[in-house]
Each structure stands twice: as C-alpha cells, then as structure tokens.
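Please read all numbers here as calculations on a predicted model, not as lab measurements. Residue numbers start from 1 in every chain, and the chains themselves are labelled A, B, ... in the order their sequence lines are given, proteins ahead of strands.
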Amino acid sequence: MKFGRLSFLFLLLTLVLAGCGEPFLSTLKPAGEVAETQLTLLFISTSIMVLVILVVVIIYLIVLFRFRRKKGEENKIPKQVEGSHKLEIIWTVIPILLLLSLSVPTIAATFKLGDVKDMDKVDKDGNREALVVNVRANLYWWEFEYPDLGIITSQDLVVPTDEKVYFNLKASDVKHSFWVPAAGGKMDTNTDNENKFYLVFDKEKADEAGNLFYGKCAELCGPSHAYMDFKVKAVSRNEFNQWATAMQKNKEEVQPTSDLAKQGQEVFQANNCIACHAVTANDARPETARTAPNLADFGNRTRVAGILEYNEENLKAWIQNPEKFKPGNQMYKEANLSEEELDALAEYLMGLKVQE
Amino acid sequence: MSSVAVKKGLGASVWEYLTTVDHKKIAHLYLGTGGFFFLLGGIEALFIRIQLMKPNNNFVNEQLFNEIMTMHGTTMIFLAAMPILFAFMNAVVPIQIGARDVAFPFLNALGFWLFFFGGMFLNLSWFLGGAPDAGWTSYASLSLRSEGHGIDFYTLGLQISGFGTLISGINFLATIINMRAPGMSFMRMPLFTWTTFIASALILLAFPPLTIGVFLLMFDRLFGSNFFDVTMGGNTIIWEHFFWIFGHPEVYILVLPAFGIFSEIIPTFSRKRLFGYSSMVFATVLIGFLGFMVWAHHMFTTGLGNVANAIFAIATMAIAVPTGIKIFNWLLTMWGGSIKITVPMLYALGFIPSFVIGGVTGVMQAVAPLDYQLHDTYFIVAHFHYVIIGGVVFGILAATHFYWPKMFGTKLSEKMGYVTFTLFFIGFHCTFFIQHFLGLMGMPRRVATFLPGQGLELGNLISSIGAMLMAVAVIILLFNVVITSIRNKKVGADPWEDGRTMEWAIASPPPFYNFKQTPLVRGLDTWWLEKMEGKKELTPAEPLGDIHMPNNSIIPFFISLGLFVAAFGAMYNPLNSVGDGKSWGLPVLIIGLGITFGSMLIRSLRDDFGYHIHKEDLLEDDKGGKVG
Amino acid sequence: MNAEERYTPLNWPDHPETQTLEGKNKFLGFWLFLAGETVLFASLFATYLALKDSVPDSSHPLAKDLFNLPLVFAMTMILLTSSITSVYAIYHMRNYHFKKMQSWFVITVLLGAGFLALEIYEFTHYVHEYHFTFGSSAFSSAYYTLVGTHGAHVTFGLCWIIALLVRNAKRGLNLYNAPKYYVASLYWHFIDVVWVFIFTVVYLIGKVG
C-alpha cells in the first residue's frame with residue numbers, strides 16, 4: 001500500500017539526513033554546549049513523537065487493511081458504537097504523561113540557556129570576568145563591540161573557544177535576529193530593548209569546521225535579508241587575546257605602505273568614506289553616528305560585504321555597485337569611480353591589517 | 001418575489017448573485033472567489049519555489065520575491081482558506097440544523113462582499129506600486145519602513161475583509177444558538193456544525209485584536225501616529241503581541257472546520273457513527289479555549305524572558321492532548337466499520353498521517369529552547385504547511401468533492417479525483433518533508449535566495465519539484481470542475497448513499513427555502529436514524545404552512561464598495577508616510593464613507609418584512625410545478 | 001404574531017424585543033457583537049497602558065500634567081445620566097408608551113451630545129495648551145486612539161438613536177421596531193460602561209498612579 005512504502009522511505013530519509021549539513025552551519029552538528037542541549041531536546045522530543053506516530057500508524061494500517069468494504073458486503077451495516085470511556089481515558093492520560101516528561105527538560109533548558117546572571121560578575125578588581133559582546137544589527141550588516149576591551153569590529157565576530165561568550169543584542173533600524181546555527185539558537189535583535197544570551201564554541205568542533213562558523217540574520221528585514229550573513233572566527237583563548245591586543249593597539253590608522261595604497265587612502269578620504277566607516281577599532285563616536293561597518297582589520301576579513309568571496313575583484317565590484325549585490329543597502333546605489341581609483345581603494349582596504 | 005418559474009438570462013443571474021441573501025448562493029460566491037484566490041496563491045507559491053530551485057537564482061528579484069512571499073501567505077490564509085471554509089459552512093450548516101437560512105441573511109451577504117472588496121483592494125497593490133513585502137505577519141519595524149503603498153494595501157484590504165469575517169462569525173453563532181430545529185439539542189448537532197460554532201466564537205474574539213493592531217499600523221503609516229516609532233516612545237513588540245493573539249486562534253479557526261468536515265466524511269464512508277461524540281465535542285471546545293493561551297510561542301526568541309517562555313511552552317504542549325483525542329476517535333470510528341474509499345475518504349485517509357506529522361513537529365517547536373534553533377527557519381515553514389495543507393487544504397479538497405452534489409446538483413469525477421489526490425499528496429510530501437531538514441541545516445525562512453556551498457542545494461531542488469506536482473494536481477482538479485459542469489449529470493438527494501445528517505435528506509441542490517416543513521430531530525445523525533427505520537423523508541415538526549423568506553438586496557454590495565473607495569482616499573491622504581498624498585485623498589475618503597453609511601441609513605430607514613411563499617405554491621411544487 | 005400588527009398597552013407583550021425570531025436573533029447577535037467590542041476596547045486599553053507616559057523627551061506632557069479631573073467628572077455624570085434616561089425609555093417601550101419612550105430617548109441624545117461637546121473641548125484644550133496632538137508621541141497616539149474610538153462610538157450611537165427617532169416618528173411602536181430600540185439602548189449602555197473604565201484607567205490612574 002502506498003502509505004506503507006512512503007513512510008518507510010521517510011524513515012530512511014530521516015536516518016540518512018540526521019547528522020546532515022555542514023559543520024559550520026548545521027544545527028545537527030552542534031559545536032558547543034548550547035547547540036548540544038538543543039540537539040538533545042530535538043532527539044528527546046522526536047523520540048517521544050515517533051512513539052506517538054508509531055501508535056497512530058499501526059492503528060491506521062490495521063484499520064485500512066481489515067475494515068475495507070468487501071465484495072458482497074455492499075449492504076452490510078456495521079455495529080454503531082457510541083464510544084469507550086476506557087479508551088478516552090487511556091488516550092488522554094498517556095499523552096499527558098508523555099508531555100509532562102517532555103516538559104521537564106524543556107523548563108530546565110529554558111532556565112539554563114537563559115541564565116545570564118554571570119554576565120555581570122566581576123573579579124576583585126571590579127573587572128568583568130566573562131567576555132561580553134554588544135551586537136548591533138543594521139541593514140544589512142552586523143556591528144560587534146567588545147565594551148570591556150574597547151574594540152569595535154563588524155561582520156567577522158572573533159570569539160575564544162571553550163568558554164561562555166555573552167551577547168547584548170539590539171538593532172538600530174528594523175528587527176533582525178542573530179543566529180549562529182552550529183553554536184546555538186537565535187535571539188532577536190529588537191529596536192525596543194536589549195536581549196541577552198550566551199553561546200559556547202567548542203574547540204574541537206571549531207577545528208572541524210575550519211574555525212569559521214556561519215552566522216545568519218533570521219528575521220525578514222528587507223530585500224537583502226538573505227544576504228545578511230556574518231562569520232564567527234572561533235579561535236583559542238591565546239589567539240583571541242593576541243587578536244584583541246592587536247586591535248587595541250590599532251588606535252591610529254594603519255598607514256598604507258605602497259604608493260597604490262596611499263592613493264587609495266586619498267580616494268577613501270576624498271569621497272568622505274571616513275564619515276561613516278571608521279578604520280580603527282576604537283571608534284569613540286556614539287552608536288547613532290556609527291552608520292557603517294567598522295573597517296579595522298579589513299585586510300583579514302573572510303568575506304566582502306558578508307557574502308562575497310574575499311578577493312580584489314569582488315571588493316571592487318562591491319564598492320562600485322553595492323545595490324547590485326545587496327539591494328536596499330544603506331551605503332549608496334552606485335559609485336562612479338574609475339578603474340584606477342578602484343584598484344587603489346582595494347589595495348588600501350586590503351592592507352588594513354592589525355596583524356598578519 | 002414571484003412564485004412562478006422565471007426564465008433566467010445571464011443578466012438576471014448576475015443580478016441574482018449580486019443581490020442574493022440566500023446562504024446557498026452566498027456559498028457559491030465564497031467558493032468561486034475563494035477558489036480564484038487559491039489559484040492566485042498557488043501561482044505565488046510556484047514562483048517562490050522556482051526562485052528557490054537553485055542558489056543565487058534570479059527568476060525574480062529580491063524585492064519582488066518579498067512581495068510574492070508576503071502575498072502567498074496573506075492570500076492563502078485570508079482570501080482562500082477562510083472564504084472556502086465559509087463556503088462550506090454556508091452551504092451546509094443551516095441545513096444540518098434544520099433551518100431555512102442563517103440568522104442574518106442580509107449580513108451574510110455583507111460579509112461576502114466585504115471579503116470580496118477587501119481581497120480585490122489587496123490585490124490591486126500589484127498594479128499600483130507593488131504588493132506588501134513584510135511577510136503575512138508584517139512586523140512593525142519593517143512594515144513601517146516599507147516604501148511604496150504595499151503595506152497600506154495590506155492594512156486597508158485586511159481591515160475591510162476582516163469586518164466581513166467578524167460579521168459572519170457573529171452570524172453563525174446566532175444561527176446555531178437560536179435556529180436549531182425542534183429536537184436538535186446541542187449534543188445532537190453534527191460535528192461540522194459544532195466546529196463551525198467554536199470557530200465562529202474564535203473569530204469573534206480573535207479578530208478584534210487584529211483589527212486594533214492593523215489600525216495602529218495604519219494610523220502610523222497614514223495619519224502620523226507613533227505607536228511603533230521607538231524614537232517617539234513607541235514599541236514594536238506590541239504589534240507582535242496583537243498579531244499573534246489573533247494569529248494563533250486564527251490557525252484553529254482554519255483547522256477546526258476542516259476537522260468538522262472529516263468528522264462528517266469518516267463516519268459516512270465507514271457506515272459507522274462517530275466514535276466518542278461527546279469527547280469530540282469536548283476536545284473541540286478545549287482546542288478553541290487553549291488556542292487563546294499560547295500565542296507567545298511565536299515569540300520565544302523575542303526576549304520575553306525565561307518565565308514567559310516556560311509558561312507558553314507548557315501551554316502549547318497542552319493543545320496536543322485534545323488534538324490527539326480527535327485523531328484516535330477518528331481511527332476508532334473506522335475500526336469495525338465498512339470503509340469505502342471514495343475521493344473524500346481518500347483525503348481523510350491522507351489527512352490523518354499528514355496532520356499528525358505536522359502536529360508532532362508543533363509539539364517539538366513547543367519546546368522553547370529547541371525553538372530557539374527552529375524559529376524563523378524552514379523547519380517552521382515545513383511544520384505549518386504540514387498542518388495547513390495536511391489539515392485545512394485536504395479538508396477543503398475533501399469537502400469540495402463531498403459537498404459538490406449538495407451545492408451544484410452534480411458530482412465531480414471520482415477517477416480524476418483519485419489522480420488529483422495522488423499527485424497532490426506525493427507532491428505535498430515531496431515539497432515539505434525535506435524542508436524540516438533544510439531548516440535544521442541552517443536555512444532561515446523568507447530568504448529570496450540562498451548561497452551556494454552551504455549544503456542547501458539538493459533539498460531546495462527536491463522541494464521545488466514537489467511544487468510542480470501539486471500544480472499539476474490542481475490543474476486536473478480544475479479540469480474536473482469544468483468537465484463536470486459541462487456534462488451536467490444531475491444526482492439525487494443522497495448521492496453518496498450513506499449520508500447521515502439532514503443535508504442529505506433534501507434535494508441536490510436544495511430548494512431555495514430548504515425545508516418545506518421544519519424537520520423534527522429525533523436523535524444524533526438524524527437522517528441516518530430515519531433511514532434505518534425505513535423512512536424516505538425526515539419527520540416534520542410543523543404542519544405545511546406559509547414560509548417567510550428574506551428579500552434580496554443590493555445594499556451589501558454598496559456598503560462594501562463604499563469602504564473600497566474610502567480605502568483609496570485613506571491611502572492617498574496628504575498625511576501619509578510615503579509622501580505622495582493627494583489633495584483628493586480626504587474628499588475620496590469622506591465620499592467612500594458616505595456611500596457606506598448612506599447605504600446603511602437607506603437600509604435602516606425602510607421597513608423590510610421579507611416575503612411569504614404561500615402554502616398552495618409549496619403543494620404545487622410537490623406536484624411537479626417549480627417554485628421560485 | 002405579525003410584526004407589523006398594532007397593539008394596545010394591555011396586550012403588548014412584556015418583552016417585545018424578543019417576541020419574534022428576528023427580535024431574538026437581533027438580541028443574541030448584538031450581545032455577541034458586544035463581546036467582540038469588549039475585546040476590541042480591551043486591546044485599546046492594553047495599548048494605552050503599555051504606552052502611557054511613553055514620550056521621546058521631558059518636554060512632552062505626561063498624564064499627570066494633562067488631565068482635568070473636574071471636567072472629566074462632569075462628562076462622566078452626563079454620560080451616566082444619559083444611560084439612566086435610556087433605561088426609562090426602554091421601560092416605557094415595554095409599557096407601550098411610544099411618546100414617553102421617544103421623549104426619554106431625546107433627552108438621552110441631548111445628554112450624549114453634551115458629553116461629546118465637552119470631550120471636543122477637552123481635546124482642543126490639550127492641543128492648544130500643551131501641543132498634545134495625535135502625532136506628538138506614542139503616549140498621545142495611544143490616548144487619542146482609546147478615548148477617540150470611544151468618542152466615535154458615542155457619535156455613532158447618537159446618529160443611530162436619532163435615525164430611529166426620525167424613522168419611527170410616524171410609524172409608532174410595533175414588534176418590528178421594538179428590537180431596534182432595545183439593541184440601540186444596549187449599545188448605549190455598553191459605551192457607558194467603557195467610559196467608566198476609561199475614567200478609571202486613563203484619568204484617575206493618570207492623576208494618581
């Protein structure tokens with residue numbers, strides 16, 4: 001019977017696809033304790049639900065095979081049964097028990113994953129112990145501020161592995177949602193309030209994923225909602241400290257070395273890019289003035305504009321015509337730079353490195 | 001009104017439908033218009049799946065995709081599913097309870113025309129600068145910023161058609177409470193009537209929050225208020241609350257009537273009474289009640305806090321219990337029965353596993369911390385399509401076959417019905433099962449495209465192929481409708497032979513007055529009861545007498561037209577946020593409202609006592625002459 | 001019973017509004033409608049409470065700066081009285097005293113109009129003295145929408161009752177139009193109850209809370 005065959009195929013599919021997807025993106029390949037907790041909840045709930053489905057399917061198949069109208073029984077009237085109190089009780093109580101058992105891990109995990117009280121714990125010197133990142137979502141880019149380190153960066157989020165990283169989440173224009181599927185569930189970035197949660201990035205899993213996790217915007221925000229990816233560089237604590245120090249030292253602009261790059265710096269300033277884009281990590285301007293991604297360490301970015309492969313060609317194409325890649329973005333629709341100016345700009349920007 | 005047969009020309013037919021207050025004709029109007037919008041929504045779905053067939057596709061650009069995606073959801077829920085369900089409620093419920101019409105026939109017509117003009121207004125957006133593009137949920141910060149008038153078409157169009165829905169909800173509640181035939185206690189009502197009753201109560205209580213939310217958005221965009229402007233003290237989360245306080249009961253408004261339809265079909269084609277009738281009634285009421293307690297499960301990631309999330313998680317799980325009760329009762333109805341697999345029964349059999357899959361993923365989503373991963377991904381898209389298609393659409397397709405004879409006097413082809421079902425069923429699972437995994441693998445929803453190299457290509461391709469199969473299935477259904485209408489082979493009162501409830505006791509289609517004599521209800525499954533005692537007709541509860549009928553009226557059409565006109569005025573008023581206000585905006589708004597209130601005044605100033613069909617003409621009808 | 005028949009005070013039924021099926025349906029249908037309206041106003045109250053005193057900066061007036069309690073108290077008394085007069089009207093309707101019913105409804109309308117006049121005065125006062133307009137802030141938008149929607153309902157109710165008075169002036173009372181009067185007075189009571197909540201939640205709590 002077609003239903004039987006279909007359900008078998010689905011079961012197979014389920015087994016095949018479980019544990020599927022990319023290690024840098026899939027919730028089925030959890031890379032930290034938050035995602036692991038959530039995957040465990042997936043398995044628990046799926047198991048309970050498969051049990052229910054099994055019972056339903058068994059009764060269903062029996063009914064389908066045993067009680068079809070047979071030849072010669074065209075006029076048979078079956079016994080009209082009103083109901084059964086016993087059965088009603090059984091199929092009310094058992095689901096309630098199953099749900100109660102599901103509700104225990106649900107409530108436990110809700111409070112565990114929502115426990116951010118350690119965010120404000122300070123040591124004897126009054127310094128915050130945990131790492132906190134202020135995430136500000138914009139159309140169509142992400143700003144990451146490390147308030148205790150005095151660093152502002154964008155698009156690439158650098159985090160240490162094997163420790164809780166806390167996030168303060170907000171949006172500057174419309175509602176977005178901050179999601180790193182491999183590391184854990186999402187939290188909305190609202191314009192009205194600041195949300196808080198934490199993620200953990202496991203060192204081994206990070207290594208498996210090439211130390212680069214994919215982040216997504218998970219709330220419709222406009223035409224370029226699908227292009228609002230960000231990346232998470234999960235590195236060891238030491239490497240993170242190295243990076244943070246280098247960023248902190250980046251108080252003044254990294255001066256271009258080659259002539260082309262110097263030319264690029266001039267183009268950058270002549271076109272007033274500096275009005276929106278800071279090029280050092282210690283941008284002291286208030287939030288409302290920080291209307292474009294911080295370009296400190298742009299030379300080490302993993303993507304151009306969050307989505308394009310990082311190379312000179314893409315960088316030039318993006319600068320010349322951002323509307324083509326991210327319709328509705330807030331930079332400008334088209335620049336009118338000459339090929340020469342674009343070359344210079346690209347050289348300059350790709351030279352903005354705080355460390356190699 | 002003449003009581004003699006009148007030769008109907010096309011013009012007369014059109015006028016009849018424009019002015020009808022007869023619930024059976026209004027059912028035709030709802031089915032036709034809703035069916036049209038279902039095709040429109042289906043084309044929009046097809047465009048979505050073609051665009052998402054491969055990464056970085058440019059079948060449609062990003063802005064257009066957002067519009068198509070928004071309109072697909074909005075059209076399917078508000079302009080297709082709800083109206084088609086209203087079609088069946090109108091066609092069937094009054095007859096199931098032994099009434100001659102609904103409590104307010106005039107308002108019934110008004111409800112339809114408001115839906116019609118609201119739907120027309122919303123779809124005019126395609127031609128007037130672009131459709132809404134903020135999703136069917138139109139979250140406040142994005143929808144305030146949306147350029148162009150798309151969102152205004154959304155707010156104004158939904159407001160107009162929403163009034164229609166509210167009016168119809170009140171109508172069915174009053175009808176079912178006040179107009180049941182003698183002997184029909186509440187616990188003798190057919191399940192479809194019960195689910196209509198509870199769904200109507202949900203409509204009454206769930207639409208006002210939507211009305212308010214949409215007014216707030218409308219005022220912000222068209223008249224300069226600041227409800228959702230954070231810089232002026234506003235709060236966008238208020239929109240989320242209002243939308244979902246409406247939105248969650250809304251899905252039960254959709255699915256309960258579908259449950260009711262299956263509760264008619266399954267006993268009919270098992271030749272066995274519904275197992276656990278009182279439990280089914282109780283479960284329906286419980287689902288309706290609990291449906292108001294769970295709205296924040298759509299907001300788990302909004303940041304309401306651990307306590308709120310925990311409470312709503314548990315409340316959401318609770319709804320699984322009465323739903324499960326229903327599934328088991330349906331299965332036990334078939335158990336021990338004599339099952340005939342007609343097309344309606346085929347949909348019922350397809351519904352059970354499909355809806356259960358959708359229901360269990362719903363319970364999984366109720367686990368709030370898990371939902372932090374699942375929310376706003378293709379897992380959610382998979383879930384709601386499983387319950388909406390597996391539940392509501394299957395119910396609609398089943399009812400289309402099941403009630404077609406009662407509504408039109410002909411019977412759709414069973415053979416073509418089997419083909420439609422098979423293609424649709426396979427296509428449906430092909431499209432949506434894989435989407436669970438796409439979501440788990442990291443694909444957010446409402447994305448105009450997806451990037452290569454992230455493991456999402458194969459799943460999206462499979463999903464798109466399934467959509468094509470569903471499209472073919474629907475085309476075959478259309479073909480079925482056309483062929484059946486051309487063949488025009490008439491059927492009798494009880495064409496499925498095992499009808500249990502009163503609608504199967506009268507002609508297909510029924511005479512315009514439904515019952516010559518109001519029937520006496522002697523028990524549950526009234527018609528079955530009479531048939532089992534060898535009767536050929538229902539027992540009458542009154543002697544033959546004059547029948548009081550309502551008059552037709554063109555006024556509902558004009559009340560709705562006035563609001564349609566007013567909506568244009570509101571949209572282009574000088575204060576609007578798009579900045580293209582016209583000087584004629586305010587005058588047109590006033591004129592439109594004038595047409596509406598003027599029509600209402602005309603209606604109120606006249607005495608309308610209806611008319612009477614005389615006893616003599618009813619007896620003539622018996623002898624073969626035609627009445628009306 | 002034919003709805004158009006004429007009666008005398010002696011054989012006129014005690015509850016004329018529910019003697020016909022149409023009357024029963026109108027009675028039930030309207031109570032159901034009021035349930036929906038209750039949820040509607042509850043939503044507006046919720047919005048108001050969420051956005052109360054939510055202003056962009058300190059130059060904007062808050063609830064405690066704005067509301068003029070003596071004026072609002074007078075409005076409340078007027079509206080409550082108009083509710084009582086509508087009760088008298090229905091009492092006379094039940095006793096088949098057409099002219100007395102009409103008179104009490106006229107008084108109801110006059111009182112209602114008085115309420116509206118004071119409310120219009122109140123709003124213009126806020127606009128001129130405090131620049132407290134619909135678009136000033138989220139708080140002002142919420143206030144005007146809640147209280148304004150109530151005012152719109154009062155206006156509609158007045159038009160409704162006036163239309164009934166005009167329409168039936170020559171027709172007199174019968175079983176066809178009795179439900180119309182009953183339903184209109186039910187509506188009038190409803191908006192009076194809503195006003196009591198507005199008075200408490202908006203004005204009293206605004207001044208005190």
Side chain / backbone / both / neither for [X] at chain A, heavy atoms under 4.5 Å:
| X | result |
| --- | --- |
| B:Arg145 | side chain |
| B:Leu440 | both |
| B:Asp525 | neither |
| B:Ser270 | backbone |
| B:Phe275 | both |
| B:Gln365 | neither |
| B:Leu451 | side chain |
| B:Phe269 | backbone |
| B:Ile327 | side chain |
| B:Trp528 | side chain |

Are the side chain of B:Asp133 and the backbone N or O of B:Asn66 linked by a donor-acceptor pair below 3.5 Å?
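No, the answer is negative, given that no donor and acceptor are paired below the 3.5 Å cut-off.
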I'd like to verify something: which residue of [options] has the highest number of heavy-atom pairs under 4.5 Å with chain B?
| options | value |
| --- | --- |
| A:Ile107, A:Leu87, A:Val56 | A:Val56 |
| A:Lys186, A:Lys216, A:Lys70, A:Lys196 | A:Lys186 |
| A:Leu113, A:Ile48, A:Ile59 | A:Ile59 |

Contact winner vs chain A - B:Ala366, B:Ala448, B:Gly336, B:Gly276, heavy-atom pairs under 4.5 Å
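Looking at each of B:Ala366, B:Ala448, B:Gly336, B:Gly276 in turn, B:Gly336 comes out on top.
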What part of A:Leu39 gets closer than 4.5 Å to chain B, counting heavy atoms only: side chain, backbone, both or neither?
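Contact with chain B: none, neither part.
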